[in-house]
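Please read the structure below before turning to the comments.
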Amino acid sequence: MRSRSRLTGFYRLGIAERRARLLEACGLPESRLAAIDPGALPLEVADGMIENVVGEYALPFAVAVNFVVDGVDVLVPMVVEEPSIVAAASNAARFARPGGFQTEASAPVMIGQIQVVQVDDVEAGAAALRASAPSILDDARRLVPRLADRGGGPVGFDVRILAHPPGPDGGVLVAHLHVDCRDAMGANLVNTLCEALAERVASVAGGRPGLRILSNLTDGRTITVRCRIEEQDAEVRAAVASASRFAELDPYRATTHNKGIMNGVDAVLVATGQDWRAVEAGAHAYAAHTGVYRPLATWQDDGGALVGELVMPLAVGTVGGALHSHPSARFALEMAGIDKADKLAAVAAAAGLATNLAALRALATEGIQRGHMSLHARGVARAAGATGELVELVAAELSACGDVKPDRAREVLARLKESP
Ligand code: NAD
């Protein structure tokens with residue numbers, strides 16, 4: 001049986017043939033493709049999504065192939081404007097295919113923040129809030145009975161002191177309400193809860209309510225994805241592991257390293273109608289949570305293979321948000337066979353680890369090829385009769401013009417010998 005995501009030569013097909021193979025692979029009827037046709041989003045629906053709508057803005061919708069995530073073949077939907085990302089993801093997923101990507105998702109717990117200002121005695125206010133935590137949590141649970149029925153709901157409440165009086169805001173506390181949002185991204189859900197609880201929290205703490213909104217640093221809602229790539233070339237393994245260490249040592253490199261991860265993650269998030277700004281904000285804050293900005297994914301050379309691991313917060317939903325209205329986003333989930341938020345997070349993260357590997361491999365092997373090329377250029381220079389310091393001069397010129405051939409080497413050598 002042909003695997004569902006191993007669509008050999010997909011990139012060589014025309015669009016009509018790709019669409020036919022896609023339908024065959026995901027088992028959807030042809031009529032569903034209307035959801036990704038030009039004009040799929042009716043203008044009046046777009047007008048209801050955001051304000052001041054004057055038109056629509058199209059981006060290509062593509063499918064990354066070869067992905068196996070947690071033992072299941074997945075066709076990965078990607079919407080992105082940058083060339084090479086879909087090819088890079090598909091290619092890296094092919095390398096990872098024997099073992100596939102394995103993921104572990106935490107419970108989908110989001111944080112709602114209730115700020116309390118003008119607290120005269122912050123220590124006493126914090127203690128009072130801690131003592132009232134069980135009853136505040138009970139109130140919170142009563143506000144979202146259906147979420148509790150689905151196995152989610154408020155699961156924790158804690159308090160931190162942010163500032164002692166005096167100060168422009170007096171004593172400042174922040175209470176965190178931890179909410180298991182199940183398959184929702186949860187921003188509206190958490191914001192509604194925080195608003196409903198703010199007066200009570202402020203009065204228990206002896207202050208005034210300040211802001212009440214979720215935190216996008218969703219470090220209670222993380223995904224871990226791992227893969228193992230058999231790689232026979234020890235030089236390639238060493239170069240990828242070294243590039244990974246570079247990112248661990250230097251925030252300037254780590255930022256670009258993480259951009260390579262977000263290439264894959266964001267393309268999946270956009271295709272599936274997610275709030276990618278929320279994920280971006282959370283990802284970068286998480287990358288810096290030790291006080292130094294670090295890579296979200298690292299790679300190690302274990303002797304015969306490259307072993308990669310990505311850990312990042314990924315707050316996504318398969319209900320709510322743009323999924324209410326956007327037909328292409330609903331199609332993307334359907335085509336990928338994704339019905340739960342943790343599966344979506346797993347696929348987006350696998351795409352991120354794949355584009356990260358592809359970028360590191362390309363950078364690392366380009367360096368190796370350049371090395372091979374200059375060795376080769378020296379050999380060609382010698383074969384053309386260059387000796388002593390002329391070997392380096394001829395080889396450098398051959399490498400620079402990219403024409404490492406004996407004829408060219410003889411020409412260059414003759415010119416250099418003639419020049420004073
Ligand atoms: P939503 O408001 O549409 O709520 C989702 C609802 O789906 C829940 O309230 C729940 O009643 C229902 N539901 C049905 N089945 C469910 C299931 N299996 N699990 C969980 N809930 C289920 O969406 P949301 O997820 O609360 O909010 C997401 C939206 O909020 C996004 O569009 C985001 O852009 C936006 N937003 C983000 C921020 C931010 O990130 N700072 C702030 C405000 C709004």
Evaluate D149 against R146 for salt bridge (charged side-chain N to carboxylate O under 4.0 Å, His left out), listing each step before the verdict. CA-CA 5 Å; D149 292 345; R146 275 180 306 161; over 6 Å; no

What's the shortest heavy-atom distance between T272 and P77, and which atoms? CG2-CG, 4.1 Å

Quick one: does V74's side chain get under 4.5 Å of S5's, heavy atoms only? no

Atom CD of E334: over 12 foreign heavy atoms under 6.0 Å: yes

Could I get the full list of side chain to side chain donor-acceptor pair (under 3.5 Å) partners for T103, not counting sequence neighbours? D70

From N263 CG over to M78 CE, what is the distance, rounded to the nearest 0.5 angstrom? 8.5 Å

Suppose we screen for side chain to side chain donor-acceptor pair (under 3.5 Å). Which residues come up paired with E411, at least two apart in sequence or across chains? none

Do L314 and L269 make a side-chain contact, defined as non-hydrogen atoms from C-beta onward lying under 4.5 Å apart? yes

Could you go through the side-chain contact (heavy atoms from CB on, under 4.5 Å) check for D302 and R228 one step at a time? CA-CA 9 Å; D302 87 346; R228 190 187 150 83; 2.5 Å; yes

Determine, for D407 against R410, whether the closest basic-nitrogen to carboxylate-oxygen distance falls under 4.0 angstrom. yes

Provide the closest heavy-atom pair for A350 versus V69 in the form atom of the first, atom of the second, distance. CB-CG2, 3.9 Å

Residue list, side chain to side chain contact (heavy atoms under 4.5 Å, CB included) with A92, at least two apart or on another chain: A354, L357, A358

Do any pairs count as a salt bridge (charged side-chain N to carboxylate O under 4.0 Å, His left out) and have a residue in residues 33-60, sequence neighbours left out, and if so which ones? R19-D37

Basic-acidic side-chain contact under 4.0 Å: D73, R4: no

Please test R237 against W299 for side-chain contact (heavy atoms from CB on, under 4.5 Å), starting from the C-alpha separation and ending with a verdict. CA-CA 9 Å; R237 286 198 312 271; W299 291 89; over 6 Å; no

Can you list the residues that meet the side chain to side chain contact (heavy atoms under 4.5 Å, CB included) rule with D158, with sequence neighbours excluded? H176, H178

Shortest non-hydrogen contact from L398 toward A377: CD1-O, 4.1 Å

Assess whether side-chain contact (heavy atoms from CB on, under 4.5 Å) is satisfied between L333 and L323, documenting all intermediate values. CA-CA 10 Å; L333 289 180; L323 286 162; 3.7 Å; yes

Single hit among N216, L214, D219 for side-chain contact (heavy atoms from CB on, under 4.5 Å) with I111: D219

Note: V240 and R361 closest approach over all heavy atoms is CG2-CA, 4.0 Å

Which ring-ring contact (aromatic ring centres under 6.0 Å, His included) pairs, counting each pair once, include a residue from residues 62-94, with sequence neighbours left out? F67-F101

Under the salt bridge (charged side-chain N to carboxylate O under 4.0 Å, His left out) rule, what pairs show up with a residue in residues 335-350, not counting sequence neighbours? D183-K340, D339-K343

Return the set of residues passing side chain to side chain donor-acceptor pair (under 3.5 Å) with H289 (not counting sequence neighbours), or none when no residue passes. none

If you round to the nearest 0.5 Å, how far is CE of M312 from OG1 of T218? 8.5 Å

For a side-chain contact (heavy atoms from CB on, under 4.5 Å) check, start with the C-alpha distance between Q274 and L344, then their side-chain angles and the critical distance, and finish with the verdict. CA-CA 10 Å; Q274 304 299 311; L344 175 54; 3.4 Å; yes

Test: salt bridge (charged side-chain N to carboxylate O under 4.0 Å, His left out). Region: residues 306-325. Which pairs qualify, not counting sequence neighbours? R226-E309

Any side-chain heavy-atom pair from V144 and P154 closer than 4.5 angstrom? yes

Strictly by salt bridge (charged side-chain N to carboxylate O under 4.0 Å, His left out), give each pair with a member in residues 84-94 just once, sequence neighbours left out. none

Kindly write out the residues that satisfy side chain to side chain contact (heavy atoms under 4.5 Å, CB included) with P29, not counting sequence neighbours, or none if the list is empty. S31, R32

Got a sec, which pairs hit side-chain hydrogen bond (donor to acceptor under 3.5 Å, both in side chains) with one end in residues 378-389, sequence neighbours left out? R378-E392

Between A297 and L353 the two heavy atoms that sit nearest each other are CB-CD1, 3.8 Å

To the nearest 0.5 Å, how far apart are NZ in K259 and CG in N356? 12.0 Å

Which heavy atom of L173 sits nearest to which heavy atom of V122, and what is that distance? CD2-O, 3.7 Å

